[in-house]
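Just below is one structure, and these are the notes that go with it.
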Amino acid sequence: MTEIKWGIIGCGDVTEVKSGPAFNKAPNSSLIAVMRRDAAKAEDYARRHGVPKWYSNADELINDPEVNAIYIATPPLQHEEFTIKSLAAGKPVYVEKPMALNSEAAKRMVAAANQYGVKLSVAHYRRLQPLFLKIKSLLDEEAIGDIRFIDLKMLQPQKSNIIASSESDWRTNPEIAGGGLFHDLAPHQLDLMLYYFGAIKNAHGIAVNQSGNGQVDDLVTGHILFENGVVFNGTWCFTVAEEQQLDRCEVFGSKGKISFPMFGHQIKVTINGEDEKLDFLPLAHVEQPMIEKVVAYFLNHSENPCSGEEAVKTMELLDGFTNQ
């Protein structure tokens, strides 16, 4: 292959700005087909985005001979099925996070990629955004000394503006999403912890449905001991008052602290009581750096930016924290 010709399965809201346009902006990449079960919406998306083909049946898109790679952006329930079908058809797959409903499904996806000898990447795209790459470089340079522990808090009201919109509230249906807003947001954060701090020695968590609304947990705490001795503590609560919402991760070291949000644009580095603030411009398409790297990987020009094996570890943390 000299060019990746993408087909999207599940051209919903997340693909409108975050990812969809980036497939035509990445070098050696073009978006040539989209699929959505609602044929009228698939056709409308294709028309608005200048995509030449549209389908209402995933199998037809997978078997389109012009499509040579597939991006799966459905709710998590369909990730396993469509990933394995695409891999069986010889089409490399870029699948949204969370990788699947649970870690067992994710492992089956990895096994299929190995069985068919076809490439699989997972959309933990924050690890390639400039802000998070800067944090990695600060950690690698030991800017705040030896890392001691991380404290992460994601506190949101039930109607949060950082939750991607959708026509139905599928993110709080465990049969479709795997488990609530924690499963929607925490994969970004936990993947970064693995990316920054490496192998895990042990992990555990507590999950409860405090509000009694719905079928999913709305408060989750998670604790990780990394093999390098670094400790992580995380709290995710989706029922706080509007004025109490918080999106903050703090990395404490022997010489200082790095503070940053998961959904913001500024890093604060504190050393010897002095603060330095580093500002970053919002990205037009938040997944574009990752998509560019995935394209390069599919064309054998680069390493896999996030393998299925790596993403399985994130899924295992999700399962472990919520006792699945």
Side-chain angles (χ1 to χ4, degrees), residues 1 4 6-9 14 18-19 22-23 26 28-29 68-74 76 78-129 132-133 135-136 139-140 178 183-184 186-201 203 224 226-228 232 286-320:
M1 292 188 293
I4 300 301
W6 291 95
I8 295 178
I9 298 178
V14 73
K18 289 183 176 181
S19 60
F23 291 101
N28 305 309
S29 171
N68 61 19
I70 294 173
Y71 168 47
I72 298 172
T74 64
Q78 288 87 33
H79 286 187
E80 179 184 5
E81 175 190 356
F82 292 145
T83 293
I84 293 175
K85 282 184 175 181
S86 301
L87 295 169
K91 310 285 177 81
V93 171
Y94 175 56
V95 61
E96 268 299 335
K97 61 82 211 162
M99 185 177 176
L101 282 181
N102 52 54
S103 60
E104 292 307 310
K107 290 174 185 176
R108 290 191 290 269
M109 294 159 68
V110 170
N114 292 330
Q115 175 187 349
Y116 296 114
V118 181
K119 293 179 177 180
L120 172 63
S121 293
V122 183
H124 288 302
Y125 55 84
R126 270 174 167 69
R127 56 166 66 186
L128 285 182
Q129 293 178 338
F132 298 105
L133 285 173
I135 293 167
K136 181 163 176 50
L139 295 171
D140 291 344
H183 275 66
D184 189 50
H188 285 309
Q189 300 152 333
L190 295 175
D191 173 71
L192 283 172
M193 296 304 105
L194 292 166
Y195 184 52
Y196 291 156
F197 304 111
I200 293 172
K201 186 172 183 179
I224 303 169
F226 290 92
E227 288 187 357
N228 58 14
F232 167 89
V286 296
E287 293 202 37
Q288 186 166 341
M290 176 64 87
I291 289 168
E292 291 178 356
K293 202 74 169 179
V294 169
V295 168
Y297 169 56
F298 287 176
L299 292 174
N300 298 318
H301 298 159
S302 178
E303 297 296 317
N304 194 343
C306 183
S307 69
E309 288 84 354
E310 290 175 285
V312 163
K313 295 175 183 177
T314 298
M315 292 304 309
E316 288 175 334
L317 286 173
L318 293 177
D319 289 355

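Closest approach of F226 to L194, counting heavy atoms only: CE2-CD2, 4.4 Å. What you find for D319 and S103 is that their closest heavy atoms are OD2-OG, 2.6 Å. Scanning all heavy atoms of the two residues, the minimum distance from A113 to L87 falls at N-CD1, 3.6 Å. Considering all non-hydrogen atoms of both residues, F298 and V93 come closest at CZ-O, 3.5 Å. The two atoms that bring H79 and A100 nearest to each other are ND1-N, 4.2 Å, heavy atoms only. The two residues M99 and V122 make their nearest non-hydrogen contact at SD-CG2, 4.0 Å.
In this structure the side chain of L190 reaches within 4.5 angstrom of the side chain of F232, judged on heavy atoms. With contacts defined as side-chain heavy-atom distances shorter than 4.5 Å, the pair C306/S121 does not qualify.
For the 3.5 Å distance criterion, the side chains of E96 and Y71 qualify, holding a donor opposite an acceptor. Of the N and O atoms on the side chains of S307 and E310, at least one donor lies less than 3.5 Å from an acceptor on the other residue.
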Task: Trace of the side-chain contact (heavy atoms from CB on, under 4.5 Å) decision for V286 with Y125 - done: CA-CA 8 Å; V286 296; Y125 55 84; 3.7 Å; yes
TODO: Check step by step if side-chain contact (heavy atoms from CB on, under 4.5 Å) holds for W6 and V294.
DONE: CA-CA 12 Å; W6 291 95; V294 169; 4.0 Å; yes
Task: salt bridge (Lys or Arg N to Asp or Glu O under 4.0 Å) between E104 and K107, intermediate numbers included - done: CA-CA 5 Å; E104 292 307 310; K107 290 174 185 176; 3.4 Å; yes
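Both tests pass for R127 against the ring of Y195: distance under 6.0 Å to the centre and angle within 45° of the axis. K136 forms no cation-pi arrangement with Y196, by the criterion of a distance under 6.0 Å to the ring centre and an angle within 45° of the ring axis.
Side-chain atoms of N68 do not come within 3.5 Å of backbone N or O of K91 as any donor-acceptor pair. Side-chain atoms of H124 do not come within 3.5 Å of backbone N or O of D191 as any donor-acceptor pair. No donor-acceptor distance shorter than 3.5 angstrom exists from the side chain of H183 to the backbone of L318, with no hydrogens or angles considered. For the pair S86 (side chain) and I70 (backbone), a donor-acceptor distance under 3.5 Å is absent. The backbone N or O of Y297 lies less than 3.5 Å from a partner atom in the side chain of K119, making a donor-acceptor pair.
Comment: R126 does not engage E287 in a salt bridge, judged by the lack of any side-chain N to carboxylate O separation of less than 4.0 angstrom. Between K97 and D184, at least one side-chain nitrogen of the basic residue sits less than 4.0 Å from a carboxylate oxygen of the acidic one, meeting the salt-bridge criterion.
Rounding to the nearest 0.5 angstrom, the gap separating the CG atom in L317 from the CD atom in Q189 is 12.0 Å. From S29, atom OG reaches atom CD of E292 across 9.0 Å, with rounding to the nearest 0.5 Å. The CD1 atom of I84 sits 7.0 Å away from the CE atom of M109 when rounded to the nearest 0.5 Å. Between the CG atom in N228 and the CZ atom in F197 there is a gap of 8.0 Å [rounded to 0.5 Å].
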